[in-house]
Each structure stands twice: as structure tokens, then as C-alpha cells.
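Here is the structure we will look at, set down as C-alpha cells.
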Number of protein chains: 2
Amino acid sequence: MHIHSTFRTAAAAANLPVGAPDLLAAMQPAAVTFYPEGAVIYAQGDQAGPLYFVEFGTVRICRMSADGRRQITSFHVAGEVFGFEATDEHDFYAESVDGAGVRVLRSTSGTQPTGSLLLLAVRSLGRTQNHLMVLGRRNANERMAALLLDLNERQGGGAIVHLPMQRNDIADYLGITFETVSRILRCLKDQHIVRLHAVNEIEILDHEALADMCA
Amino acid sequence: MHIHSTFRTAAAAANLPVGAPDLLAAMQPAAVTFYPEGAVIYAQGDQAGPLYFVEFGTVRICRMSADGRRQITSFHVAGEVFGFEATDEHDFYAESVDGAGVRVLRSTSGTQPTGSLLLLAVRSLGRTQNHLMVLGRRNANERMAALLLDLNERQGGGAIVHLPMQRNDIADYLGITFETVSRILRCLKDQHIVRLHAVNEIEILDHEALADMCA
DNA sequence: CGACCTGTTGATTCTGCTCAATCAACGTGG
DNA sequence: CCACGTTGATTGAGCAGAATCAACAGGTCG
């Protein structure tokens with residue numbers, strides 16, 4: 001696997017979600033477990049219960065349909081919590097995208113600061129609803145723009161966006177094909193909106209233009 | 001407006017979500033407010049806070065983008081709770097679809113059974129994630145099939161599905177156009193999968209076939 | 001009755017998918 | 001060191017599904 005030189009740790013994350021620190025303090029979380037690239041954190045059908053805290057790296061939450069189509073519902077980076085489930089079985093599965101460090105938080109069935117949990121759950125809901133709008137009512141260009149801006153914001157807003165995931169993951173997150181992802185990046189490049197320094201390293205030249213596409 | 005003869009009340013709902021009754025009991029909710037067809041329950045930008053409980057009728061949760069495209073993130077029927085927001089402003093707006101009775105629940109900032117709230121929020125999250133899969137990885141036929149089965153289940157699973165919303169709402173929920181909705185219903189009719197008793201009254205002839213489309 | 005709204009249907013266009021070839025990066029083994 | 005296979009990314013050609021544009025039908029309400 002690749003070890004990127006610029007791992008963002010939870011402590012260093014500028015946009016550390018409010019609530020997560022309280023939760024961490026209150027829950028005396030377990031040690032960090034390292035999941036190499038592609039490793040399964042929990043599988044579809046596994047018993048749900050504990051929540052997970054991303055210490056570094058990136059995690060993808062996916063669902064696979066019977067005929068093999070995959071939808072990635074979210075990516076989670078350092079400082080974020082995932083693992084909420086409506087039933088006692090995981091309807092989705094979680095995998096490490098690029099080598100990720102994850103802490104297990106104590107089972108949600110005990111006495112816990114449910115206030116913080118509620119906050120985190122509602123925030124997840126908001127993100128997901130947002131993404132619904134992207135998948136339901138935006139074309140491929142706009143979807144890609146939304147992802148770039150999202151990643152950019154989560155990475156501190158600098159000019160360079162690092163894509164921890166590969167084209168296939170981006171495609172399954174945006175509900176398009178990986179060929180289309182490739183074409184759109186080329187298109188953005190030709191319009192001088194981005195520059196491709198490496199396959200997973202993108203410089204945003206025209207932030208405005210991207211933002212306009214998401215209006 | 002239309003007053004449908006078969007209003008489903010919260011008390012009569014067979015699939016009343018666990019957690020909501022506890023919440024109702026604990027929160028001494030306000031009286032039922034009636035919102036006629038199309039009435040706004042809260043607007044985008046309004047201050048968020050209270051939750052809402054659907055007593056009868058149907059509510060839609062929407063977001064409008066700058067260029068006028070609308071995405072309906074969810075419909076809520078009798079017995080369901082809506083109004084969760086990640087920030088203190090509503091990112092979405094809620095409207096009555098067909099004349100709905102709604103109770104305001106006490107503000108979430110007080111001392112409350114956050115356990116029940118968490119359960120409801122997580123359930124909303126699950127539903128939304130489910131819908132993500134539909135919008136991201138299914139074609140128009142499959143989306144329609146998913147909606148029909150969803151409504152069918154929420155209405156008790158009988159042969160007749162009642163569509164409280166019009167074609168436009170279905171389209172904006174499924175991320176397609178209303179013309180396509182119309183065509184697909186015609187297509188399902190021609191395949192003897194459904195029968196159209198009225199414009200908003202559909203009989204499911206081949207439940208199996210619909211289920212297969214959602215596999 | 002006419003205006004209007006919702007829904008249906010048809011013709012055409014276009015976005016994004018499918019299929020396929022090519023390329024670059026990387027690892028392996030002779 | 002180089003030939004080979006593998007994997008991920010890019011690009012092209014043709015096609016399909018759904019959007020767009022447009023016409024029309026049926027019902028409701030003033």
C-alpha cells in the first residue's frame with residue numbers, strides 16, 4: 001500500500017467536529033487499530049453496535065446490491081465518527097480506503113452521552129441529505145465539482161486537493177462510471193479550472209468556477 | 001384541495017415507529033395543526049429546533065437549488081417524526097403534500113429523552129442512505145419500483161397503493177422528470193405489473209416483479 | 001364556457017454508459 | 001537487466017436511457 005506523506009491526524013484536523021472530543025473524553029476509547037488499504041472494518045450483515053472514530057486516513061461506507069452495483073454513501077476522514085445503524089445488523093459495510101487508523105468507541109447500548117451521539121447522527125443525516133441532492137439533481141460535472149469542494153473544505157481549504165481514493169471509488173460515490181470521472185477531470189483541466197499534479201493530487205485554479213457549478 | 005377518504009391516522013398506522021410513542025408520552029406535544037395541500041410547515045432558512053410529528057396526511061422535505069431544481073429528500077406519513085437539522089437553520093423546507101395534521105414537539109434544546117431522539121434520527125439516516133443507493137445506482141424503472149414497494153409497505157402491504165403526491169413530487173423524489181414517471185407507470189401497466197385504478201390509486205398485480213427490480 | 005392545471009404521449013436531443021483500445025506505473029521472475 | 005503480467009487511468013466510438021420540447025386530453029373551478 002501507499003503511505004502518503006501527509007496523513008492528517010484527528011488532533012490536527014482543523015474542522016474537527018464539535019461533539020467528537022467530548023465523546024472521546026467521555027468514552028475512554030480503545031486503542032487505534034490500523035486497517036491497510038482495502039481492509040474491511042465491518043461487513044454487511046455484521047452485528048451493529050459500536051461506533052468508530054477515524055484517527056487518520058479515510059474510510060468508505062458502501063452498500064452492494066444483488067447484481068453487483070456498489071454505492072458509496074460516504075467517506076470519513078480524521079476526526080469523524082461512523083457506524084450508525086438503524087437496525088442491529090449493518091446494512092452497509094465499511095472499508096479502509098488508503099490505510100486508516102480507527103478507534104472503536106464503546107457499544108451504544110450502555111449509559112452514554114447520547115446528546116453528543118445525537119449531534120453526530122444528525123450531522124451524518126445532514127451530510128447524507130446533501131448528497132441526495134447531488135445524486136438526484138446534478139449532472140456529472142456538477143457532482144465532481146461538489147466532491148472537489150467538499151474534499152477541499154475538509155482538507156483545510158488550500159489550493160491542493162488530495163484524493164485519497166481512486167477513480168472507481170469516486171465513481172461509486174457520485175453515481176457515475178470511472179470513465180466519466182476521468183473525462184470530467186480532463187474537461188476541468190482543459191478549462192483551466194484545475195491542474196493535475198498527480199493522479200490523486202489536484203490543484204484548484206478556479207475555486208469560483210467550481211462553486212458556481214454547485215449553485 | 002382533495003380530502004382523501006382513507007386518511008391514515010397515527011394511531012391506526014400499523015408500522016408506527018418504535019420510539020415515537022415514548023416520545024409523545026414524554027413530551028406532552030402541542031395540539032394538532034392542520035396544513036392544507038401545499039402549505040409550508042417550515043421554510044429553508046427558518047430557525048430550526050422543534051421536531052414535528054405527523055398525525056395524518058403526508059409531508060415532503062425538500063431542498064431547492066439556486067437554479068430552481070428541487071430535490072425531495074423524504075416523504076413522511078402518519079406516525080413519523082421529521083425536522084432533524086444539523087445546524088440551527090433549516091437547510092431544507094417542509095410542506096404538506098395532501099393536507100396533513102402535524103404536532104410540534106418541544107424544542108430539542110431542553111432536557112429530553114435523547115435516547116428516543118437518537119433512535120429516530122438514526123432511522124432517518126438509514127432511510128436516507130437507502131435512498132442514496134436508489135438515486136446513485138438504479139435506473140428510472142427501478143426507482144419507481146422502489147417507491148411503490150416503499151409506499152406499499154408503509155400502507156400496510158395490501159394490493160392497493162395510494163399515491164398521496166402528484167407526478168411532479170414523485171419525479172423530484174426519484175431524481176427523474178414527471179414525464180418519465182408517467183411513461184414508467186404506463187410501462188408497468190403494459191407489463192401487467194400494476195393496474196391504474198385512478199391517477200393516484202395503483203393496484204399491484206405482480207409484487208414479485210417489483211421486488212425483483214429492486215434486488 | 002373558457003382558463004387552468006395535471007397528466008399522458010410523441011419526437012428529438014443529449015448526457016453519460018458500454019465496449020474497447022491504449023498507456024503508464026509497478027512488481028515479478030527468468 | 002529486460003520481458004511479461006497486472007492494475008489503474010485515460011481516451012475513443014457507438015449506443016441507450018432519460019431529458020427536453022411540444023402537443024393534446026381530461027378534469028376542476030372560476
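Letters A, B, ... mirror the listed sequences (proteins, then strands); counts begin at 1. Everything quoted here is computed from the prediction, not taken from an experiment.
- At a threshold of 4.5 Å between non-hydrogen side-chain atoms, the residues B:Gln166 and B:Phe178 do not count as touching.
- A centroid separation of 6.0 Å or more is found between the aromatic rings of A:Phe92 and A:Tyr42.
- A:Glu37 places its CD atom 13 Å from the P atom of C:dC26, with the value rounded to the nearest Å.
- Remark: C1' of C:dT6 and CD of B:Glu201 are 17 Å apart, rounded to the nearest angstrom.
- A salt bridge does not link B:Arg137 to B:Glu142: none of the charged nitrogens lies less than 4.0 Å from a carboxylate oxygen.
- One interatomic measurement links the two molecules: CZ of A:Arg138 to P of D:dA19, which rounds to 16 Å at whole-angstrom precision.
- Side-chain to base pairing of B:Gln166 with C:dC5: no donor and acceptor N or O lie closer than 3.5 Å to each other.
- If you check C:dG7, D:dC21, C:dG16 against the side chain of A:Asn141, the one that comes closest is C:dG16.
- Taking every side-chain heavy atom of A:Asn139 into account, C:dG16 is the closest of D:dA19, C:dG16, D:dT10.
- Under 3.5 Å, the side chain of A:Arg183 and the base of D:dG12 form at least one donor-acceptor pair of N or O atoms.
- Nearest to the side chain of A:Ser182, among D:dA19, C:dC17, D:dT10, sits D:dT10.
- Comparing D:dT11, D:dA19, C:dG16 by their nearest atom to the side chain of A:Arg186 picks out D:dT11.
- In this structure, A:His131 has its ring center under 6.0 Å from that of A:Tyr173.
- For D:dA18, the OP1/OP2 oxygens have no side-chain nitrogen or oxygen of B:Thr180 closer than 4.0 Å.
- Atom CD of A:Glu179 is separated from atom P of D:dC15 by 17 Å (rounded to the nearest Å).
- Expressed to the nearest 0.5 Å, how far CG of B:Asn141 lies from CZ of B:Arg183 amounts to 12.0 Å.
- Per the geometry, CG belonging to B:Leu174 stands 18 Å off P belonging to D:dG17, to the nearest Å.
- Residue B:Thr177 has no polar side-chain atom (N or O) positioned under 4.0 Å from OP1 or OP2 of D:dA18.
- Note: CG (B:Leu163) to P (C:dG7) measures 10 Å, nearest angstrom.
- Separating the CG atom of A:Asn200 from the P atom of D:dA9 is a distance of 8 Å, rounded to the nearest angstrom.
- For the pair B:Arg143 CZ and D:dG17 C1', the interatomic distance rounds to 11 Å; values are reported in whole Å.
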